[in-house]
Amino acid sequence: MKLTGNTIFITGGGSGIGRGLAEALHTRGNQVIIAGRRAGRLTEVASANPGMGYIELDIENPASIASVASKLIAQYPKLNVLINNAGVMNIDDASATIDEKLLVTTLTTNVMGPIRMTSALIEHLKRQNDAVIINTSSVLGFVPLAMAAVYSATKAFLHSYSMSLRFKLKDTPVKVLEIAPPWVQTDLLGSNNESRAMPLAEFIDETMQVLGTDVEEILVERAKPLRNNAGPAEAAFVNEFNDTMANPD
């Protein structure tokens, strides 16, 4: 992917990986527009990065997605990059009754959100000379974290969806990329100061280096052991991973 001269829309751009990507791309000479539910976070990020745009978006609401897409196309006709980054993560227990609100919120945000956002902008992106859709999944889409079973399953979905989308768009100007982060120090599950997680700045720096190549999956080195696990020993690996996460000592 070319790293300059784009007009880029990022969902979930007010914090964490979304903000990190937005600021890194902004400094490289792109017009970046961030979106999210929390207006205060959006204005804070935009104020710290003069020239960056922002727009409020409720990714769970189809009407909000449609409205935002229309505004984007009208205000930024050169929009050529969509980064589906918004996501929520909560602890659950697949062996017990799953809280209905947790289930609906996670599926609506992590699964239906990217589908709806992509659908709302896809015809516009097809008309661009060089367009990109980037979906932020997770290594947990390949090696599920049992204590966040619903979240992990949504990221597995996003990987599958990205592959189908890539195939369907192979004869168009739209490329489909996937960023699969490892555990990163962000607000998700209060991981900002988690020593086992990858520092956000380090993750963004390495991600940008890989993003500037022609690969379809954007993987930092810490993500590769989990991403490359699929195979006959998958179940044993997943069990060992979850035992380690449940009993870190």
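As the structure is a prediction and not an experimental result, all values here were calculated from the model.
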(Q) Checking the side chain of Asn242 only, and the main-chain atoms of Pro144 only, is there a donor and an acceptor separated by less than 3.5 Å? (A)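 Yes; judged by distance alone, with no hydrogens or angles, the pair exists.
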Q: For the pair Glu194 (side chain) and Arg196 (backbone), establish whether a donor and an acceptor sit closer than 3.5 Å, ignoring hydrogens and angles.
A: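 Yes; at least one donor-acceptor contact below 3.5 Å.
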**Q.** With Thr106, the side-chain contact (heavy atoms from CB on, under 4.5 Å) member among Ile98, Asp92, Thr154
**A.**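 Going through Ile98, Asp92, Thr154 one by one, the side-chain contact (heavy atoms from CB on, under 4.5 Å) with Thr106 is satisfied by Thr154 alone.
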Q: Determine, stepwise, if the pair Arg37 / Glu60 fulfils salt bridge (Lys or Arg N to Asp or Glu O under 4.0 Å).
A: CA-CA 10 Å; Arg37 291 187 180 95; Glu60 291 188 68; 2.7 Å; yes
Quick one: side chain to side chain contact (heavy atoms under 4.5 Å, CB included) partners of [X], sequence neighbours excluded?
| X | value |
| --- | --- |
| Ala223 | Val139, Pro182, Leu219, Val220 |
| Lys101 | Asp99, Thr105 |
| Phe241 | Leu140, Val143, Leu145, Leu226, Met245 |

Q. Given the rule that I, L, V, M, F, W and Y join up when any side-chain heavy atoms are under 4.5 Å apart, are Tyr76 and Leu21 in one cluster?
A.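 No, it is not one cluster - the side chains of Tyr76 and Leu21 are not joined through contacts under 4.5 Å.
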Side chains of [Y] and [X]: any donor to acceptor distance under 3.5 Å?
| X | Y | value |
| --- | --- | --- |
| Asn85 | Thr136 | yes |
| Thr118 | Asn84 | yes |
| Asn135 | Ser137 | no |

Does this structure show an ion pair linking [X] with [Y], if we count only N-O contacts that are shorter than 4.0 Å?
| X | Y | result |
| --- | --- | --- |
| Arg38 | Glu56 | no |
| Arg19 | Glu23 | yes |
| Arg41 | Asp187 | yes |

